[in-house]
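Report on the following structure.
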Amino acid sequence: MAYDKFTILTSSAVPLPIENVDTDQIIPARFLKATKREAFGDNLFRDWRYNGDDTPKADFVLNDATYSGKILVGGKNFGSGSSREHAAWAVYDYGFRAVVSSFFADIFKGNCLNIGVLPVQVSPEFADVIFKAIEADPKTELEINLPEQTITLKATGQKESFDISGYKKDNMINGFDDIDYLQNIKEEITGFADKLPY
């Protein structure tokens, strides 16, 4: 399933300075019955966003109109726990195109890259700088430059580089998932197969 191409994203950010956010907190297990990647954003952080009677919790950041944007800034060890793809689906479906953290669980990170959410891992020191900047000005903007592999605090110019595999980087720039990538090189594959002696 193709998704929007990702090159340079400039946006304000939503801060979630909580460590060890696991996938069951991102999308509770009771919402995993669906197999299509649709409507999961409504239940992103469901138990943190809503009371038992489905009224919004005023003190949770996603219910606070002060904060908005396409970038979620999380605490250390974001996306730990079970390997459910639905956690990445919920993040994307809510409208986030990037998640910034000082550490990601590997499987969650891979799931994000497969569907068009860019996980940007920064140093703990730079994560702290970002959180403080957002606290001082909720409208502060970050620029995430995928071709250059940099994240920049627009107000001050402070920046840091981040790592990503060349394959996943190319896919995100082109808006490809793994199947799209294979379809894009179909002629190369069939050409190679035609040359085989068997």
Side-chain angles (χ1 to χ4, degrees), residues 1-16 21 23 26-27 36-42 44-45 61-62 67-76 78-79 83-123 126-127 129-131 133-134 138-186:
M1 180 176 179
Y3 46 76
D4 297 336
K5 296 178 181 181
F6 193 120
T7 51
I8 299 173
L9 173 64
T10 302
S11 174
S12 54
V14 177
L16 189 68
V21 174
T23 53
I26 296 171
I27 184 76
K36 291 185 178 180
R37 203 178 79 192
E38 298 172 354
F40 282 96
D42 293 341
L44 177 67
F45 298 115
V61 67
L62 293 190
Y67 302 101
S68 63
K70 295 184 177 183
I71 301 170
L72 176 65
V73 184
K76 182 180 179 181
F78 193 91
S83 60
R84 65 191 69 170
E85 293 176 283
H86 306 69
W89 296 356
V91 170
Y92 183 91
D93 193 58
Y94 185 83
F96 292 118
R97 291 303 316 280
V99 181
V100 179
S101 175
S102 60
F103 183 79
F104 290 98
D106 285 342
I107 294 175
F108 176 79
K109 185 176 183 178
N111 287 339
C112 283
L113 288 167
N114 287 338
I115 65 151
V117 174
L118 181 61
V120 178
Q121 187 164 320
V122 297
S123 68
F126 196 64
V129 167
I130 293 171
F131 279 126
I134 297 171
K139 297 188 183 300
T140 195
E141 290 188 326
L142 298 171
E143 179 190 270
I144 298 174
N145 186 318
L146 180 54
E148 297 295 326
Q149 294 179 217
T150 58
I151 176 170
T152 305
L153 192 60
K154 294 285 286 182
T156 64
Q158 291 169 278
K159 71 167 59 177
E160 195 167 277
S161 298
F162 61 89
D163 293 328
I164 183 173
S165 78
Y167 168 68
K168 290 299 184 183
K169 177 180 177 178
D170 185 65
N171 275 2
M172 289 205 70
I173 289 173
N174 286 288
F176 291 163
D177 64 14
D178 292 332
I179 301 301
D180 296 317
Y181 171 79
L182 290 174
Q183 289 177 332
N184 188 58
I185 61 169
K186 184 178 179 180

| What residues form a side chain to side chain contact (heavy atoms under 4.5 Å, CB included) with Lys76, not counting sequence neighbours? |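 Listed in chain order: Glu19, Ser102, Phe103.
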| query | Listed by chain and number, what are the side chain to side chain contact (heavy atoms under 4.5 Å, CB included) partners of Phe131, not counting sequence neighbours? | reply |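 Partners of Phe131 by the side chain to side chain contact (heavy atoms under 4.5 Å, CB included) criterion, ordered by chain and then number, come out as Pro15, Pro17, Val73.
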| Closest contact, heavy atoms only, Ser11 versus Lys70 |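 Result for this residue pair: OG-N, 2.8 Å.
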| said: As a quick check of understanding, evaluate side chain to side chain contact (heavy atoms under 4.5 Å, CB included) for Phe6 and Ile144, giving each step before the final call. | reply: CA-CA 10 Å; Phe6 193 120; Ile144 298 174; 4.1 Å; yes
| field | Results of ring pair (Phe, Tyr, Trp, His ring centres under 6.0 Å) for Phe96 - residues two or more places apart only | value |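 Scan of Phe96 (ring pair (Phe, Tyr, Trp, His ring centres under 6.0 Å), adjacent residues dropped) gives Tyr94.
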| message | With rounding to the nearest 0.5 angstrom, report the CZ to CD distance, Phe104 to Gln121. | response |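 Here the rounded value is 6.5 Å.
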| message | Quick check for you: to the nearest 0.5 Å, what is the distance between Asp106 atom CG and Ser83 atom OG? | response |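 So the gap between those two atoms works out to 12.5 Å.
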Do [X] and [Y] touch side chain to side chain, with heavy atoms closer than 4.5 Å?
X      : Y      : result
Val120 : Leu142 : no
Leu16  : Leu72  : yes
Asn171 : Leu113 : no
Ile164 : Leu118 : yes
Thr7   : Leu146 : no
Ile71  : Val14  : no
Asp4   : Arg97  : yes

| Main-chain N/O of Trp89 paired with Asp93 side-chain donor or acceptor, under 3.5 Å |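 No, because the side chain of Asp93 does not come within donor-acceptor range (under 3.5 Å) of the backbone of Trp89.
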| query | Would you say the side-chain atoms of Ser101 pair up with the backbone N or O of Gly75, donor to acceptor, closer than 3.5 Å? | reply |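 Judged by distance alone, yes, a pair lies under 3.5 Å.
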Name all residues meeting the side-chain hydrogen bond (donor to acceptor under 3.5 Å, both in side chains) criterion together with [X]; count only those two or more places apart in sequence or in a different chain, and write none if there are none.
X      : result
Glu143 : none
Arg84  : Asp24, Ser82
Asn145 : none

| Steps toward side chain to side chain contact (heavy atoms under 4.5 Å, CB included) verdict (Ile107, Thr23) | CA-CA 10 Å; Ile107 294 175; Thr23 53; over 6 Å; no
Result block: side-chain N/O donor-acceptor pairs under 3.5 angstrom for residues 149-160, not counting sequence neighbours:
unit_1: Gln149; atom_1: OE1; unit_2: Lys169; atom_2: NZ; d: 3.1
unit_1: Gln149; atom_1: NE2; unit_2: Phe162; atom_2: O; d: 2.9
unit_1: Thr156; atom_1: OG1; unit_2: Gln158; atom_2: N; d: 3.2
unit_1: Thr156; atom_1: OG1; unit_2: Gln158; atom_2: OE1; d: 2.8
unit_1: Glu160; atom_1: OE1; unit_2: Ser123; atom_2: OG; d: 2.9
unit_1: Glu160; atom_1: OE2; unit_2: Ser123; atom_2: N; d: 2.6
unit_1: Glu160; atom_1: OE2; unit_2: Ser123; atom_2: OG; d: 3.3

| task | List the steps and the verdict of side chain to side chain contact (heavy atoms under 4.5 Å, CB included) for Leu44 and Ile27. | result | CA-CA 5 Å; Leu44 177 67; Ile27 184 76; over 6 Å; no
